[in-house]
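So that the names make sense, note that chain A is the first sequence line, chain B the second, and so on, each numbered from 1.
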Amino acid sequence: MSLATLVRLAALGLLLAFLLSPQSFAPWFAPLAPSGAPPIYDQGNLLHLAAAQLATVCCAAAASTLVAVALGILVTRPSGAQFLPLSRTLVNIGQTFPPVAVLAVTVPLVGFGERPTLIALFAYGLLPIFENTLTGLKTCPPAVLEAASGMGMSARQRLLAVELPLAMPLILAGIRLSLVINVGTATIGSTVAAKGLGEVIIAGLLSNNTAFILQGGLLTGLMAILLYDSLAALERRVCRTVRLD
Amino acid sequence: MITLEGLSKRYGATTVVDNVSLQVERNSITAIVGTSGSGKSTLLRMINRLVEPSAGRVLLEGTDTTLEPAYLLRRRIGYVIQGYGLFPHRTVAENIATVPRLLGWSDSRIRARVEELLRVFQLDPEAYARALPYQLSGGQQQRVGVARALAAEPAVLLMDEPFGALDPIIRAKAQEDLLDIQRRFGTTIVLVTHDMDEAFRLGHQVAVMSQGRLLQYDRPAVLLTRPADPLVSRMTGIADRALKLLSLTTAGEVALAGRCEGPAVAATASLREVLSELVWHGASAASVIGEDGEPRGHLTVAAILAHGRP
């Protein structure tokens with residue numbers, strides 16, 4: 001077993017152990033908690049919070065992927081090329097607007113809870129997926145595209161059988177980037193009552209409990225790293241079959 | 001038979017192809033030659049409608065090609081390009097099966113056809129069917145490109161600089177293979193090249209293009225002996241035109257009756273090769289031997305030289 005696999009398994013083991021049995025880590029965090037305060041977050045189940053955060057992130061990423069890939073396909077078709085500047089502007093706005101600001105704007109519109117967080121994460125995650133889809137579709141080798149058309153593929157067949165498979169490694173990389181950014185960003189959703197590990201961090205900030213802040217951050221970080229790693233492995237598998245030389 | 005009638009292509013004010021008409025006979029090889037920017041590739045691409053003509057029309061066996069959707073037309077026409085454009089994410093077998101799949105052939109028929117083509121192109125199905133394009137050499141990729149174009153048994157094969165990326169030895173072999181394939185399947189081939197030697201070697205007919213116009217369309221020997229335009233003789237080359245003319249005739253075609261002493265040459269050798277042999281051996285006559293090993297007659301230097309002028 002390689003060292004990389006060992007580190008991966010250790011990280012996964014640590015995350016699961018903390019989520020399933022947080023109290024067994026109490027001695028480690030006790031020195032960081034103010035005297036008398038609990039060293040481990042006790043106002044909610046960490047496992048549920050982590051799962052909720054992951055679910056929120058995945059839902060947002062699924063929506064971003066759908067919209068960004070669809071936009072990427074649209075603007076690389078001859079009929080949709082004129083929408084490229086517009087799409088780019090929209091997607092860039094999603095990225096430049098800080099998620100906190102998006103929360104502030106959307107709460108009055110859709111209320112507290114998961115929904116404003118989903119909207120903020122969705123907007124924030126569009127850019128990497130869109131740009132990567134665009135690059136992937138635009139850098140398909142011209143000879144391959146010419147051959148596909150020359151063989152008698154319709155525009156749709158060419159897109160599905162040639163262009164998307166060839167762009168897939170880059171699209172996946174965009175999704176991975178977007179997911180990982182959003183695992184971290186999702187913690188701010190707890191300021192508007194979305195379920196997630198942000199709750200632990202905010203509780204720590206309010207009660208001056210460094211132990212809470214640290215465990216919330218640590219768990220979020222571990223989740224992001226493991227997610228990044230497993231998606232990168234998936235990409236490598238796809239790249240093996242979609243080899244571009 | 002392919003008929004081009006007054007084909008033109010204009011992009012804005014630039015005319016890329018200017019009123020070209022020509023007829024390609026069934027089961028023949030036509031080479032379109034020209035310098036870069038002469039419009040030869042555009043002309044080729046108008047045949048399978050990858051480029052739509054600004055004026056004129058293309059008839060395939062007498063039927064206007066615009067009567068069916070372009071992508072359906074292309075499934076009936078083989079197409080090979082420089083760089084081959086093999087699908088990098090698909091195996092050799094899947095690449096070759098592209099058009100049969102589009103046409104909805106049964107799996108067993110596709111498998112049989114792919115295997116047949118791999119054998120024809122000297123690629124062991126065991127070793128290569130599951131290989132990915134990047135694992136092949138340039139020559140192998142080229143063969144897979146041609147096999148893919150021929151998979152659905154098209155009556156017409158269009159080739160755009162198909163040998164451009166090959167080294168001279170592999171290229172000569174690939175040209176030889178193409179002639180074999182053409183004889184075997186009786187495919188009508190239209191081939192674009194900038195290499196006049198390649199055009200002479202492969203083309204039954206050669207079309208010479210310059211600046212979008214068709215300068216001359218004729219048999220190679222006629223291009224040498226009766227060039228229609230000074231540019232044609234410049235492109236065919238004047239310095240070695242006699243030798244070029246000799247290379248268009250084989251010994252078997254013009255052998256004189258009777259035997260002689262002298263080096264033996266194959267009936268399939270060109271007069272140019274026979275002459276070279278005679279020079280090399282300091283002989284004045286050669287005996288011509290058929291493929292079966294039987295003598296076919298002889299050739300003298302004087303007889304050969306007589307074929308080297310109009």
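The two residues B/Gly39 and B/Val17 have their closest heavy-atom pair at O-CG2, 3.4 Å.
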Evaluation steps, side-chain hydrogen bond (donor to acceptor under 3.5 Å, both in side chains), between A/Ser149 and A/Arg158: CA-CA 7 Å; A/Ser149 299; A/Arg158 194 175 89 159; 2.9 Å; yes
B/Ser38/B/Thr35 under side-chain hydrogen bond (donor to acceptor under 3.5 Å, both in side chains): CA gap, chis, key distance, verdict: CA-CA 6 Å; B/Ser38 60; B/Thr35 48; 4.7 Å; no
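Contacts of A/Ala155 with chain B are absent, with no heavy-atom separation under 4.5 Å from either backbone or side chain. Heavy atoms closer than 4.5 Å to chain A are found in the backbone of B/Leu86, but not in its side chain.
A/Leu197 has its side chain within reach of A/Leu49: a pair of non-hydrogen atoms, C-beta onward, lies under 4.5 Å apart. When side chains are defined from C-beta on, A/Leu134 counts as touching A/Leu84, because their heavy atoms get closer than 4.5 Å.
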All N/O donor-acceptor pairs, side-chain side in residues 220-228 of chain A, below 3.5 Å, sequence neighbours left out:
| residue | atom | partner | partner atom | Å |
| --- | --- | --- | --- | --- |
| A/Thr220 | OG1 | A/Gly216 | O | 2.8 |
| A/Tyr228 | OH | A/Arg176 | NH1 | 2.9 |

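Pairs passing the salt bridge (Lys or Arg N to Asp or Glu O under 4.0 Å) check and including a residue from residues 59-88 of chain A, sequence neighbours excluded, read A/Arg77-A/Glu163, A/Arg88-A/Glu131.
The stretch residues 96-124 of chain B places B/Thr98, B/Val99, B/Leu102 near chain A, each with some heavy atom under 4.5 Å from a heavy atom of that chain. Interface with chain A: from residues 62-80 of chain B, residues B/Tyr71, B/Arg74, B/Arg75, B/Ile77, B/Tyr79 qualify, criterion being any non-hydrogen pair under 4.5 Å.
To the nearest 0.5 Å, atom CD1 of residue B/Ile170 and atom OG of residue B/Ser137 are 6.5 Å apart.
A cation-pi arrangement is present between B/Arg148 and B/Phe87, with the terminal nitrogen or guanidinium carbon under 6.0 Å from the aromatic centre and inside a 45° cone about the axis.
B/His89 places a side-chain N or O within 3.5 Å of a backbone atom of A/Ala161 that can act as its donor or acceptor partner.
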